[in-house]
Amino acid sequence: MAGKLITDHTVDLLVQLISIFNNVTLGIIVGIIIAVIGLLIFLGLTLSFIFLFANAIIVWRREGYSLSSSLTLIVGIGVILVDIFVFFNPIHAPAPLQTFISTFLTMIIFYILLTVWNTITSIIVYQWYFPKKDKDYIIVLGSGLIDGYKVGRLLGNRINTAIDFYHQQLKSTHKRAKLLFLGWPGRR
């Protein structure tokens with residue numbers, strides 16, 4: 001039933017595009033472009049679900065269960081709820097209110113997809129980033145201590161990465177960098 005509905009809408013869209021452009025070839029090209037964009041949006045939404053839930057599990061394992069480590073899970077659930085409201089329209093409200101809600105939710109989905117896209121792009125780009133081993137300073141950004149005195153996994157990984165880089169630089173260039181550990185001493 002759903003497949004027939006999608007096929008009927010696709011044929012209707014293609015017929016309308018051909019009649020608008022008054023050219024079969026141009027109408028089919030525009031139809032293919034619209035289909036590709038729709039497929040990319042669908043894949044983006046699907047990948048964002050997977051990414052957000054997988055990220056929540058990874059952060060929970062590394063940082064433990066807390067509100068801040070649950071943010072990607074909350075966003076993932078929010079994306080699913082937004083999709084339910086956009087695609088199934090469970091709200092029976094006046095047309096202007098439905099239009100406002102649909103527009104607002106579409107903008108939220110677009111923002112989340114853009115954020116996921118930026119994150120994935122950053123992950124890929126940073127896999128190719130190899131800093132030169134000529135640094136005077138190596139700065140480690142703090143991420144808070146657990147119970148005010150224990151180093152968490154995130155901060156521990158940052159410290160270990162900085163120390164590893166220090167030793168690599170010392171081995172390759174014999175240059176000793178100064179390690180700076182940043183944080184907020186009064187914050188708990």
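Values below: every heavy atom of this structure, side chains too, minus hydrogens, waters and symmetry copies. Here the structure is a predicted model, which means the values were calculated and not measured.
With hydrophobic clusters built from ILVMFWY side chains whose heavy atoms lie under 4.5 angstrom apart, Leu155 shares a cluster with Leu179. Transitive grouping of hydrophobic side chains (ILVMFWY, heavy atoms separated by less than 4.5 Å) keeps Ile77 and Ile57 in distinct clusters. Residues Ile58 and Leu73 do not share a hydrophobic cluster, clusters being chains of Ile/Leu/Val/Met/Phe/Trp/Tyr side chains in contact below 4.5 Å. Taking hydrophobic clusters as Ile, Leu, Val, Met, Phe, Trp and Tyr residues chained together by side-chain heavy-atom distances below 4.5 Å, Ile50 does not share a cluster with Val59. Two different hydrophobic clusters hold Ile159 and Leu154 under the rule that ILVMFWY side chains link at heavy-atom gaps under 4.5 Å.
Interatomic distance, CD of Gln169 versus NE2 of His174, reported as 11.5 Å (0.5 Å rounding). With rounding to the nearest 0.5 Å, the separation of CD1 in Ile37 from CD1 in Ile33 is 7.0 Å. The structure places OG1 of Thr119 at 9.5 Å from CG of Leu114, a figure rounded to the nearest 0.5 Å.
Side-chain contact between Asp136 and Lys175: present, with at least one pair of heavy atoms (C-beta onward) separated by less than 4.5 Å. Between Ile139 and Phe181 the shortest side-chain heavy-atom distance does not fall below 4.5 Å. Counting heavy atoms from C-beta outward, Lys135 and Tyr166 have side chains that stay 4.5 Å or more apart. Looking only at side-chain heavy atoms (C-beta outward), Arg158 and Leu141 come within less than 4.5 Å of each other.
Contact between Ala177 and Tyr137 at its shortest, heavy atoms only, is CB-N, 4.3 Å. Between Ile138 and Ala162, the closest heavy-atom pair is CG2-CB, 3.7 Å. Here the shortest heavy-atom pairing between Lys133 and Thr173 reads O-CG2, 3.1 Å.
Note: Tyr126 and Tyr129 have perpendicular aromatic rings, judged against thresholds of 30 and 60 degrees for the angle between ring planes.
Environment of CZ in Phe104: sparse, with no more than 12 heavy atoms of neighbouring residues, nucleotides or ligands closer than 6.0 Å.
Proximity of a side-chain donor or acceptor of Asn55 to a complementary backbone N or O of Phe51 within less than 3.5 Å is not detected.
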